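I have placed the structure first, in the form of structure tokens, so that the comments after it can refer back to it.
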Amino acid sequence: MKHKTLKGFQDILPPEISVWQHIEKISRDVFKTYGYQEIRLPVLESTDIFTRSIGETSDIVEKEMYTFTDKGDRSVTLRPEGTASFVRAYVEHHLFNNPAPQKFYYMGPMFRYERPQAYRYRQFYQIGAEAMGVEDPKLDAEIISMLSKILNSTGLEGVNFELTSIGCKNCRPAYRDALKNFLRDRLNSFCGDCQRRFDLNPLRILDCKVPGCIESRQGSPAVLDHLCADCKQHFDGLKRNLETLSVRHSINPNLVRGLDYYTKTAFEVTSESLGSQKAVAAGGRYDGLVDEFGGPPTPGIGFAIGMERIIPLIKGSMSKAEPPDLLICPLGQEAPEKGLLLAEQLRSSGIWAEVNYEQTSLKSQMRKANRLGAKNVIVLGEDELKKGEVVVKNMVNGTETKAVLEVQELKKIIKAGK
RNA sequence: GUGAGUGUAGCUCAGUUGGCAGAGCAUCUGACUGUGGCUCAGAGGGUCGCGGGUUCAAGCCCCGUCACUCACCCCA
């Protein structure tokens with residue numbers, strides 16, 4: 001084959017696209033009831049939008065960004081995630097002047113230059129939400145509850161909500177030091193990756209799956225014990241509010257976020273039936289990010305759902321091709337043109353009508369109707385045109401109904417047979 | 001970036017110790033001239049991923065390369 005999609009990119013073809021539309025529709029409906037409005041952002045941004053916010057040493061920035069130089073010699077990057085772009089837009093358009101909370105959602109492609117594997121692509125789609133201007137944990141609880149509602153409404157099954165607080169710029173450094181002090185003496189009992197993480201991102205050692213590392217980190221200081229008064233109060237409030245809203249969740253103090261801008265609340269939705277890439281949605285609070293983009297200090301919280309990751313979990317995601325309501329089978333000299341016109345008229349009244357373009361035997365036209373799954377067939381031949389009368393054949397039960405060759409009457413019969 | 005596995009028809013896959021490229025499904029056509037599904041008969045469809053080597057002879061053996069898949073790292 002000469003031309004193919006790039007590695008990690010994919011075409012999404014018709015039968016499958018209906019699952020995508022289903023998820024998007026449900027998300028929009030739920031967002032609306034929570035007051036979230038759609039925002040569309042560019043997929044290409046100036047590179048520093050991402051390097052500054054996501055963190056210079058994060059894996060995304062270090063090795064996963066689609067970065068290149070444009071014709072004006074500017075460094076530009078295909079967005080690897082949505083929040084940085086969103087906050088840029090939020091500040092650029094002074095959206096903080098609207099009454100808080102300002103709530104937005106977006107859906108679209110993200111790009112990361114990673115080695116593809118199951119449920120991981122270089123272009124992947126996220127549905128994301130961002131709520132700005134409120135620090136109260138009630139908003140955290142509400143947005144998590146909304147995420148839960150979206151996932152449940154799509155028919156998703158068997159996911160777990162995990163939750164933690166990773167502190168703020170006041171208490172996290174102290175925790176980081178405490179953790180490093182604990183790990184330093186026993187560092188050689190950890191795997192090579194973890195030894196590298198020690199300097200880069202020691203918190204990530206808590207997330208390592210190597211059995212020896214799980215063993216060695218027993219008794220390490222816990223983030224939740226090192227939260228400052230403010231963060232602790234926030235986290236306690238969140239837990240209480242989630243109880244109130246009956247959002248099922250578990251606390252996982254080892255949850256780690258890969259992006260630098262997160263503060264306080266961090267959460268992740270996982271599925272065990274997905275293989276190794278098991279995160280289906282994740283998010284958290286980012287109270288310092290607007291500030292960093294030059295806006296007024298403004299708290300924010302958001303999440304993103306991975307489309308490709310929830311689709312395989314949705315019951316009945318094996319979608320079938322949609323069948324047309326009607327196939328018109330013309331026979332003879334006059335019929336093809338008349339059929340073309342009739343189809344057009346029926347379409348105007350909301351019927352999915354197809355006409356056979358080729359003059360083949362009736363038998364092969366009927367066979368085609370069957371292959372298409374057409375719900376009804378009208379044979380349009382010399383007799384029918386002469387009498388001004390046709391037979392509508394219902395292909396599901398085989399019944400035939402005589403009808404005058406007139407749009408309203410045909411519409412009635414076809415709609416009734418649906 | 002690292003490791004392993006797999007590449008044969010549109011799809012799923014057979015292909016023996018190296019000896020003419022195959023099946024099922026799908027598509028199309030036909031079976032007393034205007035009625036589908038079931039059945040039957042038939043047809044089209046291939047650079048055996050690509051390049052080189054060994055051999056009288058390679059889908060099969062050897063080397064290289066590319067792609068895909070899964071996993072690591074990391075993430076939605």
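Keep in mind that this is a model prediction, so the values were computed, not measured. Lettering follows sequence order; numbering is per chain, from 1.
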Is the closest basic N to carboxylate O distance between Arg88(A) and Glu92(A) below 4.0 Å? yes
Run the ring pair (Phe, Tyr, Trp, His ring centres under 6.0 Å) check on Phe104(A) and Phe86(A) step by step: do they pass? CA-CA 9 Å; Phe104(A) 300 92; Phe86(A) 165 74; 5.5 Å; yes
Between C63(B) and G5(B), how far apart are the two P atoms, rounded to whole Å? 13 Å
Does Glu308(A) pair with Arg120(A) as a salt bridge, N-O distance under 4.0 Å? no
For Asp199(A), enumerate each residue passing the side chain to side chain contact (heavy atoms under 4.5 Å, CB included) test, keeping only those at least two apart in sequence or located in another chain. Lys180(A)
For nucleotides 68-76 of chain B, give me one character per nucleotide, 5' to 3': B if any protein heavy atom sits under 4.0 Å from the base, S if the only such contacts are to the sugar-phosphate, - if neither. S-SBBBBBB
Residue that, paired with Tyr106(A), satisfies side-chain hydrogen bond (donor to acceptor under 3.5 Å, both in side chains) out of Glu130(A), Arg40(A), Gln126(A): Glu130(A)
Which residues share a side chain to side chain contact (heavy atoms under 4.5 Å, CB included) with Thr67(A), sequence neighbours left out: Thr47(A), Met65(A), Ser75(A), Thr77(A)
Let me have a per-nucleotide readout for nucleotides 33-42 of chain B, 5' to 3', with B, S or -, counting only protein heavy atoms under 4.0 Å. -BBBB-----
Separation of the C1' atoms in U29(B) and U16(B), to the nearest angstrom: 36 Å
Within this structure, what is the CG-to-C1' distance between Leu372(A) and C28(B), rounded to whole angstrom? 14 Å
State whether the side chain of Arg122(A) and the backbone N or O of Glu114(A) hold a donor-acceptor pair below 3.5 Å, judged by distance alone. yes
Decide, yes or no, whether a salt bridge links Glu409(A) with Lys412(A) under the criterion of side-chain N to carboxylate O below 4.0 Å. no
Which part of the nucleic acid, if any, lies within reach of Ser364(A) when heavy atoms closer than 4.0 Å are counted: base, sugar-phosphate only, or nothing? sugar-phosphate
Roughly how far apart, to the nearest Å, are G52(B) and C66(B) at atom C1'? 14 Å
Secondary-structure stems, RNA chain B, at least 3 Watson-Crick or G-U base pairs under 3.5 Å: B:1-7 with B:66-72, B:10-13 with B:22-25, B:27-31 with B:39-43, B:49-53 with B:61-65
Expressed as a whole number of Å, how far does the P atom of G30(B) sit from that of G34(B)? 9 Å
For Asp29(A), give me all partners under salt bridge (Lys or Arg N to Asp or Glu O under 4.0 Å), at least two apart in sequence or on another chain. Lys25(A)
Are the charged groups of Glu64(A) and Arg115(A) less than 4.0 angstrom apart, N to O? no
Minimum heavy-atom distance between Cys231(A) and Cys171(A), given as atom pair plus value: SG-SG, 3.7 Å
How far, in whole Å, is C25(B) from U65(B) if one measures between their C1' atoms? 34 Å
